[in-house]
Amino acid sequence: MGVHSASELVLAGLDPEQRAAVTAPAGPVCVLAGAGTGKTRAVTSRIAHRALTGEVSPRHVLAVTFTARAAAEMRARLTALGAQGVQARTFHAAALRQVRYFAPRLLAGRAMPELLDSKARVVTLAAARVGLRTDRAAARDLAGEIEWAKSSLVEPGEYVVAAAKALRDTPHEPAKVAEVFAAYERLKRSNGVIDFEDMLRAAVWGIEEHPDVAEQVRGQYRHFVVDEYQDVNPLQQRLLEAWLGGRDDVTVVGDASQTIYSFTGATSAYLVDFPRRHRGATVVRLVRDYRSTPQVVGLANAVISQARGTEARLRLELLGQRPTGPEPELRIFTDEPAEAAAVATRCRALVDAGTAAREIAVLFRTNAQSEAYEKALTEAEVPYVVQGAERFFERVEVRQAMVALRAATRSIPGETPLRVAVVEGLSAVGWAPDAAPAGGAARERWEALAALVQLAEEHAASPPVLPIGEAAAVERPVTLADFNDELARRAAQQHVPTVEGVTLSSLHSAKGLEWDAVFLVGLSEGTLPTTYARTPEQVEEERRLLYVGITRAREWLWLSYAVARSPGGRARRPSRFLPQLDRSGGGTERAGAERAGAAGAGAAKRAERRRPQMVSCRICGATLLSGPDRKLGRCPTCPSDIDQDLYERLHDWRARVAGAQKVPAYVVFTDATLVALAERRPGRPEELIAIAGIGPRKLGLYGELVLALVGGAAVDDVCPEKTFEIEP
């Protein structure tokens, strides 16, 4: 295939906006990419197109992003597009590689300091040095505050003023945090260790203070791509500017509406100000959403349309490209245990109906909310995985499995099919393909090892990637030794396999991921937005969190909150970001079209006074909002147990009564009331009047006849040829 045809193939299938991003001229380019708009495809296609047309050399391109997973995906796509040789790494991985390479020159032969995996231990010692006792949680909070300061280029002596300006909610009195910060820095130096921020600073220092290092780095990397640019912090921006060295061949990709990490020092200011800082920059907006149904997209647009502040200047209105799907469901529960139980029940139903558990996610604002859903899913015998709780390759069972698989290479013949070899190797740690526990932690451990088997199947089915022009060697089967090498590579890059189980995740950890079905739970005031969101900027970030959660769903979306935290507890209001609840009969079907946040505190109180008596779904327990649902006594998506024969007799009876009275049929009973009667089959007057739509007047007019029909009477028996007369 010629270079021209290869570059044209890269452009094939791109929409007009993506094509504009790919073919933009050299120089500063800003791609504003909404959720699900194919930004990774656009940015990797841009790199490949420039490489295949000879505009750039792949080895001179550095693409940086924020997670090892995203970097691995970028490398895989670039390889598939024929752009081998491009460096795609996280900021930290790129900086670490450069610092290690230049360490002998920068450190005058001294050994490079050891890199801390975690700040917590040193922070605990530092706190003790300044008379502050800390537990694990307190040490984690202090470590986070130190990380914010260092990422924001704030020194210990500057911390108190900087924290006040940033309105930081500090874990201790700011002056005390500054003392811990200073003690932490001293301890690191005395122990000869550095943290990740030090490593980024070392990369900056090496370039800014050593002309020979700067010349070599800038000679190697001449074209830059930065993904998730709304998440860069001042330290990462400083490193990017050091790499650029005044040049402007940089493409940045981001979405201001997904800025949710400001507490770590990330800021969208660099994305927002990019066109001003780079005069003549090309700006492209990607707005065609290929991930979610129009219903999900509509709700996302409704929520973010109310955004205010700096990020709202770059707000994108997404255009759904997928076929129509189900409307988002909005549910209200009496308390959090009821909410968790209903979610677990629906997850069980989705799995039983054929949805893979790994394609379902339950997303919440805080990690503390996870426990209730872990318990409920365990009781429903639904496997689950807690996102972000522990790195996959650091789990005890996974480490043991990798040791067992390495040992198995000595006893399993090389020609053994890979899946068979892996299953046999895992038997040494007690794993068997047909021995999955019912649920809970044991099931989670089993699923983690099952993910290794699935990965082996995928690895065996994938042909080796060859550089362009290299002839394929004689094909040989993938061996267990090859697979162990692949696991080691993935572990080093934290490129984790997909584990079979419903994902439980905080909204922050869910960013960058997507599922077929998403449950957004705990959407009440005080949780989302959190009580700690006190400034307008902090509240807007909470709104963006909900937006990120909504845009994780491909097809099916559930939003819910509990009126009380525990049974009988104090009542709470729904999140101000939720669409205005329609209580006039439209139910939640218009959720995607409603404007988010339309009801403020005063409007919410007025709506509360107008609220009819709470009616719960008799199947899942959710509060029913619309008139038809209240009459049915169940959610429209919950299974129906209708007596079809009774429904037909009621329908026939209603037609005769309406004809005799010369009124429309719905004046007698609506269709929803007939369905409710046929489903609930009341046997007494008090059960009949409990059905919404049947009041004392209709009970007096039709109650005896309806109860007779429910009891099995024929229509002719209860409705002879006579006229029903209604007294004025």
Side-chain angles (χ1 to χ4, degrees), residues 66 91-92 95 99 113-205 208-209 230-242 259-270 310 508 530-542:
F66 283 83
F91 269 102
H92 290 96
V99 170
E114 180 184 348
L115 184 63
L116 283 175
D117 287 334
S118 170
K119 294 181 176 68
R121 183 180 63 83
V122 180
V123 167
T124 300
L125 293 173
R129 291 281 178 92
V130 300
L132 193 64
R133 298 185 61 182
T134 59
D135 57 17
R136 180 179 298 181
R140 186 171 61 245
D141 290 342
L142 282 167
E145 199 63 17
I146 292 172
E147 185 170 319
W148 167 80
K150 300 186 72 169
S151 297
S152 302
L153 302 175
V154 173
E155 301 297 332
E158 304 165 339
Y159 173 79
V160 173
V161 173
K165 285 184 177 180
L167 301 176
R168 298 291 293 180
D169 188 11
T170 59
H172 294 278
E173 194 268 328
K176 201 66 175 178
V177 176
E179 289 182 35
V180 175
F181 186 4
Y184 168 80
E185 293 295 304
R186 290 193 297 269
L187 275 170
K188 285 197 292 91
R189 285 193 295 271
S190 63
N191 291 329
V193 296
I194 60 174
D195 58 26
F196 281 104
E197 291 73 41
D198 293 328
M199 187 255 298
L200 289 176
R201 288 183 174 207
V204 172
W205 170 73
E208 290 183 347
E209 301 297 328
Q230 78 280 350
D231 289 334
V232 297
N233 59 44
L235 177 54
Q236 291 162 337
Q237 179 66 20
R238 179 85 169 264
L239 177 57
L240 175 61
E241 290 170 356
T259 305
I260 59 173
Y261 294 112
S262 67
F263 64 94
T264 67
T267 172
S268 63
Y270 303 115
T310 302
H508 284 102
T530 174
T531 54
Y532 298 109
R534 300 187 179 97
T535 68
E537 293 78 14
Q538 291 168 340
V539 170
E540 286 303 318
E541 183 150 330
E542 296 289 299

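Heavy-atom basis, side chains included; hydrogens, waters and symmetry copies ignored.
The ring-ring contact (aromatic ring centres under 6.0 Å, His included) check on Phe66 picks up Phe91, with sequence neighbours excluded. Ser268 is linked by a side chain to side chain donor-acceptor pair (under 3.5 Å) to Glu311, counting only residues two or more places apart in sequence or in another chain. When the side chain to side chain contact (heavy atoms under 4.5 Å, CB included) test is applied to Thr535, the partners found at least two apart in sequence or on another chain are Leu167, Glu537, Gln538. Considering only residues two or more places apart in sequence or on other chains, Glu241 meets the salt bridge (Lys or Arg N to Asp or Glu O under 4.0 Å) condition with none of them. In this view, Glu147 and Lys119 satisfy the salt bridge (Lys or Arg N to Asp or Glu O under 4.0 Å) rule, not counting sequence neighbours. Thr310 is linked by a side chain to side chain contact (heavy atoms under 4.5 Å, CB included) to Val272, Arg313, counting only residues two or more places apart in sequence or in another chain. Evaluation of the salt bridge (Lys or Arg N to Asp or Glu O under 4.0 Å) rule for Glu158 yields no partner, not counting sequence neighbours. Residues that satisfy the side chain to side chain donor-acceptor pair (under 3.5 Å) test with Thr267, not counting sequence neighbours, are absent from this structure.
Note on residues 176-201: pairs passing ring-ring contact (aromatic ring centres under 6.0 Å, His included), not counting sequence neighbours, are His92-Phe196. Among residue pairs with one or both ends in residues 124-145, those qualifying as salt bridge (Lys or Arg N to Asp or Glu O under 4.0 Å) are Glu145-Arg168; sequence neighbours excluded. The ring-ring contact (aromatic ring centres under 6.0 Å, His included) contacts involving residues 133-159 comprise nothing, where partners must be two or more places apart or lie in separate chains.
Under the 4.5 Å side-chain criterion, counting only non-hydrogen atoms from C-beta, Val123 is in contact with Ile146.
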Name each donor-acceptor pair under 3.5 Å that joins a side chain in residues 169-180 to protein atoms two or more places apart or in another chain, with its distance.
| unit_1 | atom_1 | unit_2 | atom_2 | d |
| --- | --- | --- | --- | --- |
| Thr170 | OG1 | His172 | O | 2.7 |
| Glu173 | OE1 | Ala175 | N | 3.2 |
| Glu173 | OE1 | Lys176 | N | 3.2 |
| Glu173 | OE2 | Ala175 | N | 3.3 |
| Lys176 | NZ | Val130 | O | 2.8 |

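The minimum heavy-atom distance between Ser151 and Thr264, with the atom names listed, is CB-O, 3.9 Å. Here the closest heavy-atom approach between residue Ile194 and residue Pro113 is recorded as CG2-CB, 3.9 Å. Considering every non-hydrogen atom in both Gly265 and Ser152, the closest pair reads CA-OG, 4.0 Å. Across every non-hydrogen atom of Ala127 and Leu142, the tightest pair is CB-CD1, 4.4 Å. Closest approach of Asp195 and Asp198 over heavy atoms only: OD1-N, 2.8 Å. Closest approach of Thr530 to Glu542, counting heavy atoms only: N-OE1, 3.1 Å.
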Would Leu116 and Val122 satisfy side chain to side chain contact (heavy atoms under 4.5 Å, CB included), going step by step from the backbone distance to the final call? CA-CA 9 Å; Leu116 283 175; Val122 180; 4.0 Å; yes

Assess whether side chain to side chain contact (heavy atoms under 4.5 Å, CB included) is satisfied between Gln236 and Tyr270, documenting all intermediate values. CA-CA 11 Å; Gln236 291 162 337; Tyr270 303 115; over 6 Å; no

Glu155 vs Arg201, test: salt bridge (charged side-chain N to carboxylate O under 4.0 Å, His left out). Steps then yes/no. CA-CA 12 Å; Glu155 301 297 332; Arg201 288 183 174 207; 2.9 Å; yes

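Between Phe263 and His508, the two ring planes are perpendicular [angle over 60°; tilted spans 30° to 60°].
A distance of 8.0 Å separates CG of Asn233 from CD of Glu197, quoted to the nearest 0.5 Å.
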